[in-house]
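Heads up: the structure comes next, in structure tokens.
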Amino acid sequence: MGASQSGPVYMFQDLAQKTGFSIEQIKNLHNRFMYLTQDEDTLRRKHLENISNLALNPIRRQIIEAFFDKRNMGEKGKGCLQEIGFEEFVTVLSFFRPPKPRTADEDMKNIKKEKLRFLFNMHDTDNDGIITLDEYRRVVEELLSSYETIGAETAKAISDAAMLEVASVTVGQMGPDEFYEGITFEQFMQILKDVEIETKMNIHFWNLDTRTMQCGK
Amino acid sequence: MKKRMKMLLLLGFCCGMVFGDQNRSDPHDQRVFPVLSINYDYVQMPFEVSLWILLASLMKLGFHLLPVLSGVVPESCLLIVVGLLVGGLIRVMGKNPPVLDSQLFFLCLLPPIILDAGYFLPIRPFTENAGTILTFAVLGTLWNVFFMGAVLYGACRLEAGRLASVDLLSCLLFGSIVSAVDPVAVLAVFEEIHINELLHILVFGESLLNDAVTVVLYHLFEEFAHAGEVTVGDVFLGVVCFFVVALGGVLVGGVYGVLAAFTSRFTSHTRVIEPLFVFLYSYMAYLSAEVFHLSGIMALIACGVVMRPYVEANISHKSYTTIKYFLKMWSSVSETLIFIFLGVSTVAGPHAWNWTFVSITIVLCLLSRVLGVVGLTYIINKYRMVKLSGKDQFIVAYGGLRGAIAFSLAFLLSSDDFPMKDMFLTAIITVIFFTVFVQGMTIRPLVDLLAVKKRKQSKCSINEEIHTQFLEHLLAGIEGVCGHYGHHHWRHKLNRFNKRYIKRCLIGGERSQEPQLISFYNKMELKQALMLLESNSSANLSAGVTAAIPRQRSRKTLNISKEREEEIRKILRGNLQKTRQRLCSYSRHTLKPDAEDDDWSETRLRKQRVEMERRWVQKSPHCNPLNCNIYCQCHLSIKSSRSFCWVSAPFSQMSHFLTVPALPESPPARRARVESV
């Protein structure tokens with residue numbers, strides 16, 4: 001689908017309109033896509049795993065999964081794909097586009113919600129709409145995985161304390177017979193409302209051709 | 001009563017002896033033995049210094065007792081007014097009021113403020129906006145200097161009369177003195193308006209970094225005025241000098257910072273003098289930079305920034321508190337003294353008022369600042385991710401306050417090279433008054449009027465910390481996928497380098513391997529535990545103990561838990577009776593309330609664990625409920641101020657704290673057993 005060389009310009013324009021990137025940025029990303037897939041049509045997990053920069057990242061598995069997650073593609077589907085085309089690639093990357101300078105407050109709120117939804121999907125690996133204690137624990141463990149000396153108990157303790165904090169902030173007092181299931185998306189938004197996601201979760205997409213400035217594979 | 005009389009007599013006699021000793025000049029003189037005599041010269045200097053500091057502190061006290069006044073007028077204005085009053089008082093008494101001595105200012109009053117600012121500089125926003133800050137500091141100041149100098153020169157030429165003697169060089173020098181945004185004034189005003197972090201760091205960072213530019217230009221123009229001739233080579237040397245001054249200052253500060261961090265690695269046995277090392281090394285950095293005419297402010301900032309992460313990992317909690325409070329205290333006193341002295345110097349100093357010059361100066365200051373900010377922002381916004389809006393630009397422009405540094409620099413000018421020094425001084429004082437009074441007072445209502453974002457009261461939340469770290473890694477990863485070196489990529493590399501090499505040298509013991517998340521978490525737990533222990537309710541005990549549970553480390557961190565063990569023991573001894581009774585009455589699930597039963601068997605604990613397992617998440621059979629539940633119940637019990645009886649579980653451990661002597665081995669062993677499900 002995304003590989004038809006016959007009408008790239010129109011496809012780029014469509015994508016630009018859909019995702020908000022400019023034409024130059026889309027062209028750049030297309031070049032990068034071709035480079036990553038070594039001129040194949042679709043991107044597979046192993047292409048992303050080959051990036052040396054990503055190898056030292058403690059959460060690389062989750063990042064790679066995020067590219068193949070159907071929930072991030074804007075459809076209502078769940079589950080993951082095995083390979084993605086250029087359109088899905090750009091769609092995922094559009095979550096990291098900085099908001100345009102004169103965005104209205106309403107739009108900013110929507111953008112923030114979308115970015116938080118992306119983060120939520122990254123944590124909620126079993127697609128049930130809640131981040132359970134187990135999933136959260138795995139997140140903390142992965143964050144600390146680059147430090148070999150830390151035992152699993154510390155990660156457990158930290159994730160437990162974090163869950164407790166979410167529970168106490170969002171649910172308040174619990175009766176003695178209730179149990180706390182996990183973090184829902186609304187609660188997730190609530191605890192992270194002070195972290196200015198819409199300004200922090202952005203990277204720079206250059207307008208110039210970055211092929212010459214690329215940092216290796 | 002008799003005893004008291006005797007004491008008084010003895011005291012009086014001793015005083016007499018002490019005072020009498022002073023006048024030992026004439027042993028042959030047959031005069032009456034002086035019981036009481038006065039020798040003021042002996043103590044004059046320290047006495048007067050202490051008196052000034054006492055006056056400053058009392059003033060500070062007074063302002064906060066008048067909430068009406070302190071809400072409207074910023075403290076700096078009030079202090080200047082006090083200074084004016086004091087100066088007037090001294091003048092009325094016939095003596096000459098003291099002027100703000102430049103050496104005193106630069107060597108004693110300025111360093112504490114800058115060190116306080118540098119040590120507690122929020123690094124993340126600073127590095128994220130470093131490009132913008134540098135642009136404002138360097139290019140903005142240069143623009144201000146040359147614009148002001150040129151236009152002033154033109155105006156002086158046009159005006160003729162007394163101003164005809166002012167040449168271009170003097171105008172440029174004046175421009176360089178007056179253009180620099182002053183960190184003391186900015187801090188004093190911005191502290192009270194609680195503006196959002198971005199704007200605060202932009203204006204404040206600019207005020208710190210423009211010191212290098214000011215120093216270079218000042219010395220440059222002074223040298224040129226002395227020499228009388230300027231060649232192209234001299235200008236080129238000036239540019240080189242700027243880089244030397246700025247980078248040299250940072251280098252000197254960095255070296256001293258590393259030394260301080262290295263020294264703090266070995267202070268585990270002499271905790272009492274830890275703060276002293278921090279202060280001394282920083283002050284030495286400042287003085288060393290001043291020796292070579294490098295930028296002392298940048299040296300101080302660099303020293304504080306470099307040494308802080310390593311020193312904080314090495315020193316004890318009490319030393320950290322000491323450092324924080326001493327720095328705040330000194331900087332507060334310094335700031336007060338500076339503003340009071342500004343007021344006094346205004347009354348004292350020789351003035352040469354010239355309407356044209358002064359009014360043009362004020363207008364030009366505002367104009368050049370606004371033009372500079374707007375112009376530079378237009379260029380900067382092309383490279384920024386989060387653009388600066390018009391409101392932001394206005395605040396940045398309006399927040400460019402001038403202060404005592406300008407005054408002191410002008411005071412240092414020699415009257416031979418600059419015959420119009422008095423006129424300069426008057427103009428500078430007027431500009432300072434204008435910016436501090438007018439801009440300082442109106443900025444708060446303007447901020448409210450324009451609805452500028454205020455600083456968020458951030459309670460440290462472990463969730464936010466986890467997600468901030470997660471975001472960092474995520475963004476670095478996405479940058480890797482997109483294939484370009486970005487901000488996050490470099491920060492990642494720096495962190496890795498830091499972890500692998502530097503931390504190993506500079507942080508003693510095991511802490512060098514500790515990731516940031518863990519130390520943040522530990523700090524939070526410690527804070528929480530101490531907070532709860534202070535508030536002295538029965539829920540304290542459990543929270544305090546459970547906070548100690550997840551420490552899986554050996555001796556190094558047991559230091560902390562030992563201190564808390566003492567506190568826990570004290571409280572337990574006091575409250576034990578109460579707790580036991582409360583446990584009996586509230587509990588539904590208490591296993592037998594025999595806290596004095598020393599040996600909890602393993603079976604009992606396991607039974608309890610099963611009980612708790614039922615109540616945590618049923619879905620995930622893997623999770624360790626004991627740990628969670630203790631936190632859960634205790635934490636929630638604090639919120640709801642009912643005491644749940646799950647307290648009994650950790651209570652078993654507390655009984656061990658009580659009965660078993662403080663062997664370093666036993667608490668971890670106990671903890672390990674409980675946690676290993």
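So that the names make sense, note that chain A is the first sequence line, chain B the second, and so on, each numbered from 1. Predicted model only: the values in this text are computed from it and were never measured.
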So which of Leu119(A), Leu93(A), Ile63(A) has the largest heavy-atom pair count under 4.5 angstrom toward chain B?
Ile63(A)
Which region of Phe33(A), side chain (C-beta onward) or backbone (N, CA, C, O), has a non-hydrogen atom less than 4.5 Å from a non-hydrogen atom of chain B, or is it both or neither?
neither
Heavy-atom count around Lys387(B) NZ within 6.0 Å, excluding the residue itself: above 12?
yes
Below 4.5 Å from any heavy atom of chain A, which atoms of Leu471(B) appear? Answer side chain, backbone, both or neither.
side chain
Quick check: does any side chain N or O of Asn129(B) sit under 3.5 Å from a backbone N or O of Leu202(B), one acting as donor and the other as acceptor?
no
When you measure from the side chain of Asp107(A) to the backbone N and O of Asn110(A), does any donor-acceptor pair fall under 3.5 Å?
no
If you count the non-hydrogen atoms of other residues, nucleotides and ligands that lie under 6.0 Å from CD in Glu197(B), is the total more than 12?
no
Within the 3.5 Å criterion, strictly below it, is a donor on Ser389(B) or Asp392(B) matched to an acceptor on the partner's side chain?
yes
Heavy-atom cut-off 4.5 Å, strictly under: side chain, backbone, both or neither for Phe188(A) against chain B?
side chain
Which portion of Val139(A) sits near chain B, non-hydrogen atoms under 4.5 angstrom:
side chain
